[in-house]
Number of protein chains: 2
Amino acid sequence: MSENLKLSNQVCFPIYSLAKEVVSLYRPILQRLDLTYPQYLVMLVLWEEGTQNVSEIGTKLNLDSGTLTPLLKRLAEKNLIERNRSTHDERIVQVKLTASGQAIKTTAAEVPEQILNSLNVSIEQLEALKAGIDNILNQIKK
Amino acid sequence: MSENLKLSNQVCFPIYSLAKEVVSLYRPILQRLDLTYPQYLVMLVLWEEGTQNVSEIGTKLNLDSGTLTPLLKRLAEKNLIERNRSTHDERIVQVKLTASGQAIKTTAAEVPEQILNSLNVSIEQLEALKAGIDNILNQIKK
DNA sequence: CGTAATTAAGTTGTGTACAATATAATAGCA
DNA sequence: TGCTATTATATTGTACACAACTTAATTACG
């Protein structure tokens, strides 16, 4: 196999490994908030953009209802969100922060700093990585 | 939140998204081999390095026995590998390619080219991304 | 208006991931 | 030798992730 062909394995496996590594960096930090990384992503969307439909959250996070429905039920059980059918269109479920959900935003504000610290990498390196990833994400053939 | 603090979200979420995107690029290609991406990774290890212990595979792929044991059982059910307890040390399970497992290596050799094609990115961009990822992976505080 | 097509969310089934724990075998050592 | 610690793998439980399908509601159109 040519060196160029091997490259896909040499890039895709590190991407896969890095993603797992990143999630495992978040795990102990998010544990204090009783959130998993995907749950934290949903909370970020709600903190930043307010009440959202299930499908709006799905579009922003690239997750489908098969993943989101049970995840949102778990967030609701923890009393961080409320799920209500829209009266205007009964198909739509609106996901809204509860007071508790809004309240933990303050604690969650400390997460990025802790992550930056455990990533242990310069801002410049991160910027470069972000540029490289955005590049690929935009160019992948859908 | 300062721009620098936001950066961790702006890097970690794309990493997480890209990894899912990459796995979903492999999915239709690997479907012809009846393999998932993690299963393909295990097969790559075996094709390149021959018979391995469960823990050796785990070290190379950053997966623990809780993930590997059921995955390897599925590969064994497909008759691609054999799992045998070592006679010298009964704790060790040796994972060995079957004739079928060895045989599909030929078809699998086409996978990297198909992935490179669907990534739709220049070799230079991939090399840059790989460098950025390896950088971070090496520097993350364990 | 009435029905077909579409849409939004939920359900089911399969397959990772991983923490925590269990089990069994081996190694180390008094 | 006998006991303790360690090691390798397996098991259990929880939580994604996604394909395929279902259900219920809304829209589009003849």
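Throughout, a chain's letter reflects where its sequence line sits, starting with A, and its residues are numbered from 1.
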Next item on the list: Quick one, give me the B/S/- string for nucleotides 9-17 of chain D, reading 5' to 3', where B means a protein heavy atom under 4.0 Å from the base and S means that only happens at the primed atoms, P, OP1 or OP2.
Entry: BBB---SSB
Note to self: Angle between the two end axes of the helix from C:dC1-D:dG30 to C:dA30-D:dT1, five base pairs per end, rounded to 10 degrees?
What the structure shows: 0°
Next item on the list: Quickly work out the A:Leu25 CG to C:dA17 C1' distance and round it to whole Å.
Entry: 16 Å
Item checked: Considering all heavy atoms, the nearest B:Gly50-B:Gln52 contact -> O-CG, 3.0 Å
Check: Which word best sums up how the rings of A:Tyr40 and A:Trp47 line up, parallel for under 30°, tilted for 30 to 60°, or perpendicular for over 60°?
Finding: perpendicular
Checklist line | Residues forming a side chain to side chain donor-acceptor pair (under 3.5 Å) with B:Arg91, sequence neighbours excluded | finding: B:Asp89
Note to self: Please determine whether residues A:Ile104 and A:Val95 belong to a single hydrophobic cluster, defined as Ile, Leu, Val, Met, Phe, Trp and Tyr linked transitively by side-chain heavy-atom distances below 4.5 Å.
What the structure shows: yes
Notebook entry, point to check: To the nearest angstrom, how far is B:Asp89 atom CG from C:dT26 atom P?
Noted result: 5 Å
Notebook entry, point to check: Given atom CD1 of A:Ile57 and atom P of C:dG10, what is their separation to the nearest angstrom?
Noted result: 11 Å
Checklist line | Nearest-Å distance for atom pair CD/P, residues B:Gln31 and D:dC18 | finding: 15 Å
Next item on the list: For the residue pair B:Tyr37 and B:Tyr26, categorise the inter-ring angle as parallel (less than 30°), tilted (30 to 60°) or perpendicular (more than 60°).
Entry: tilted
Check: Taking all atoms of both residues into account, what is the closest heavy-atom pair of B:Pro112 and A:Asn9, and its distance?
Finding: CG-ND2, 4.2 Å
Notebook entry, point to check: For B:Leu61 and C:dA17, what is the distance between atoms CG and P respectively, to the nearest whole Å?
Noted result: 10 Å
Check: Should B:Leu44 and A:Leu18 be counted in the same cluster of Ile, Leu, Val, Met, Phe, Trp and Tyr side chains packed under 4.5 Å apart?
Finding: yes
Check: Given side chains that start at C-beta, do those of A:Lys78 and A:Gln39 come closer than 4.5 Å, heavy atoms only?
Finding: yes
